[in-house]
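Presented below is the structure to which this report refers.
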2 protein chains.
Amino acid sequence: MTSETIGANAADSRVLTRVGDFVPRDAWATAGVRCSIEKALDVVGTRSAMVLMREAFSGSRRFDQLVLRTGLSEPVAAKRLKQLVADGLFVQQAYRDSGTRTRLEYVLTERGRALFPVMAALMQWGDELGDGRGAMQLFHADCGEPVTSVLRCAAGHEVTLSETCARQDLPDDQG
Amino acid sequence: MTSETIGANAADSRVLTRVGDFVPRDAWATAGVRCSIEKALDVVGTRSAMVLMREAFSGSRRFDQLVLRTGLSEPVAAKRLKQLVADGLFVQQAYRDSGTRTRLEYVLTERGRALFPVMAALMQWGDELGDGRGAMQLFHADCGEPVTSVLRCAAGHEVTLSETCARQDLPDDQG
DNA sequence: CTGTATCCCAGCGGATACTG
DNA sequence: CAGTATCCGCTGGGATACAG
C-alpha cells in the first residue's frame with residue numbers, strides 16, 4: 001500500500017506515504033512547486049555557502065578569518081556572504097575591539113543557527129567516506145558523550161527510515 | 001576559553017572546542033585535509049544528486065521515474081546516477097516485472113540510506129523558508145507524531161548548538 | 001526503456017589588481 | 001581590514017538528437 005492514513009495527526013487530505021514507497025504522482029514538477037530540498041539548496045547549495053556556515057559554527061565572524069579558514073577567495077567569500085545576509089542566515093553587527101575602529105562582523109541569525117542539524121548530519125555522513133582523515137566528532141559539553149544526528153518524533157521515539165512516513169503539502173488545485 | 005577538555009571521552013590530544021568558539025588555527029587548509037563537510041559535498045554537493053536522493057527516498061528506482069519526478073534532463077540524471085553508483089550510494093539491481101524483459105533499477109545502499117538524516121534535516125530547514133508551499137512533513141509510522149531531526153548524545157540527552165563541542169582529527173604532523 | 005553524444009549557456013570559484 | 005572590479009576556466013545542467 002502506497003498511501004494510507006497513519007495516526008490522528010495525519011488524518012487529512014494531503015498526500016501521505018511510507019518513505020520508500022512511491023508517492024502518487026510527479027507532485028513537485030506537476031504542481032510547479034519547488035520542494036523544501038530545492039528551496040534549501042537555493043540558499044546553501046553551493047560549496048562556498050556550506051563551508052562559510054561550517055566556519056561560522058566554528059566561531060569565525062570576521063571577513064578575513066572566514067576567508068582564511070574556508071580557503072575561499074575574497075571575491076567568492078564576499079559575494080556568498082552578501083547573499084547569506086540577504087537570505088537571513090547572517091546579520092552584520094558592529095563591534096569594536098581594543099582599538100578605536102568600529103568594524104562589522106558576521107553573526108549567525110536564528111535561521112542560520114537552525115542549519116546546525118543539517119551541518120552535523122552532513123559532517124557525520126561525510127566522516128564515513130574515505131580514510132577518516134579530517135573527521136570531526138561532536139560531543140555533548142555537559143557529559144562528554146559523542147553526539148549524533150537522529151530522527152525523533154514528538155512522542156520521543158527514535159525513528160528509522162523505514163518507520164518514517166511523509167506528507168506533502170501540495171497546492172489547492174491538486175485532485 | 002577556546003580549547004578545553006570536556007568529559008572523559010574527549011581527554012586526548014586532539015583539538016576540542018566549544019562550537020561557537022574559535023578553533024585554534026586554520027586547521028583544514030593548513031593540514032591539506034578536506035573536512036567532512038567538503039567530502040560529503042564532493043558526493044552530494046550538486047542539486048541533481050540531492051533531488052535524485054530525495055526521489056530515491058520517495059521510492060523511485062527506475063531511470064524514467066527518476067528523470068520524470070526530479071525534473072532533471074536525461075543526460076544529467078544519467079551522469080549523476082553513474083557517479084552516485086560509483087560513490088556507493090546506489091547499486092544497480094536486475095529485476096523483472098510482469099513481462100519477460102530484465103531491467104536494472106537503482107537501489108539505495110546502506111551508505112545511501114545513511115543520508116536520510118541529512119535529507120530530513122535539510123527538508124525541515126527548507127520548509128521554514130518562503131511561503132510554506134511544497135512543505136513536506138515526516139511522521140512516525142507507528143504513532144503518527146511528526147518527526148524532526150535532532151542532535152542526541154550517546155547518553156540520551158538532546159543537545160543544542162551551544163551545548164555542543166567539536167573535536168577535529170588532524171593529521172600527525174600537527175604541532 | 002535506458003541511456004549516450006553533442007552543443008550550448010549560466011553560474012561557481014580562482015587570480016590578480018585595486019579602493020575605502 | 002574589508003571588501004570590489006575584472007577576467008577567465010571549469011562544471012553543472014538543459015535541449016536535441018541518436019542508439020542499444
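Each chain gets a letter, A, B and so on, in the order the sequences are listed, and its residues count up from 1.
- Closest to the Ala78(A) side chain, of the nucleotides dT2(C), dG3(D), dG14(C), is dG3(D).
- In terms of phosphate contacts, Arg47(A) brings no side-chain nitrogen or oxygen within less than 4.0 Å of OP1 or OP2 of dC12(C).
- As judged by a 4.0 angstrom heavy-atom cut-off over every strand, Thr46(B) is placed among residues touching the sugar-phosphate backbone only.
- Summarising the geometry, the separation between CG on Leu104(B) and P on dG3(C) is reported as 7 Å, rounded to the nearest angstrom.
- Contact check, Lys82(A) against dT4(D): a side-chain N or O comes under 4.0 Å of OP1 or OP2.
- Of the side-chain N and O atoms in Arg61(B), none sit less than 4.0 angstrom from OP1 or OP2 of dT2(C).
- Nucleotide dG13(C) holds its C1' atom 17 Å from the CG atom of Leu66(A), rounded to whole Å.
- Nearest approach of Ala77(A) to Leu52(A), heavy atoms of both residues: O-CD1, 4.2 Å.
- For the pair Gln124(B) and Ser149(B), the tightest heavy-atom approach, listed with the atom from each and the gap, is OE1-N, 2.9 Å.
- Taking 4.0 angstrom as the limit, Gln83(A) places none of its side-chain polar atoms (N or O) nearer than this to OP1 or OP2 of dG11(C).
- When the C1' atom of dG13(D) is taken as reference, atom CG of Leu81(B) falls 14 Å away, rounded to whole Å.
- Thr70(B) places no side-chain N or O within donor-acceptor distance of the main-chain N or O of Val51(B), the cut-off being under 3.5 Å.
- Checked against dA2(D), dC1(C), dA5(C), the side chain of Pro75(B) finds its nearest nucleotide in dA5(C).
- Atom CD in Gln65(A) sits roughly 12 Å away from atom C1' in dC1(D) (whole-Å rounding).
- Spacing between atom CZ of Arg69(B) and atom C1' of dC1(C) amounts to 17 Å, rounded to whole angstrom units.
- The CG atom of Leu72(A) sits 14 Å away from the P atom of dG3(D) (whole-angstrom rounding).
- Each of Glu74(A) and Ser48(A) was matched to the nucleotide of DNA chain C holding its nearest heavy atom; the match closer to the 5' end belongs to Ser48(A).
- Protein atom CZ of Arg103(A) is 7 Å distant from nucleotide atom P of dC1(D), rounded to whole Å.
- Between Tyr106(A) and dG3(D) there is a side-chain N or O to OP1 or OP2 distance below 4.0 Å.
- For the atom pair Asp42(B) CG and Ile37(B) CD1, the distance stands at 11.5 Å (nearest 0.5 Å).
- When rounded to the nearest whole Å, the span between CZ of Phe63(B) and P of dA19(D) equals 17 Å.
- If you check every strand for non-hydrogen atoms under 4.0 Å, Gln92(B) touches sugar and phosphate atoms only.
- For the side chain to side chain contact (heavy atoms under 4.5 Å, CB included) criterion with Tyr106(B), the lone passing option out of Leu84(B), Leu89(B), Leu66(B) is Leu66(B).
- In this structure, Lys79(A) reaches the dC12(C) phosphate: one of its side-chain N or O atoms is under 4.0 Å from OP1 or OP2.
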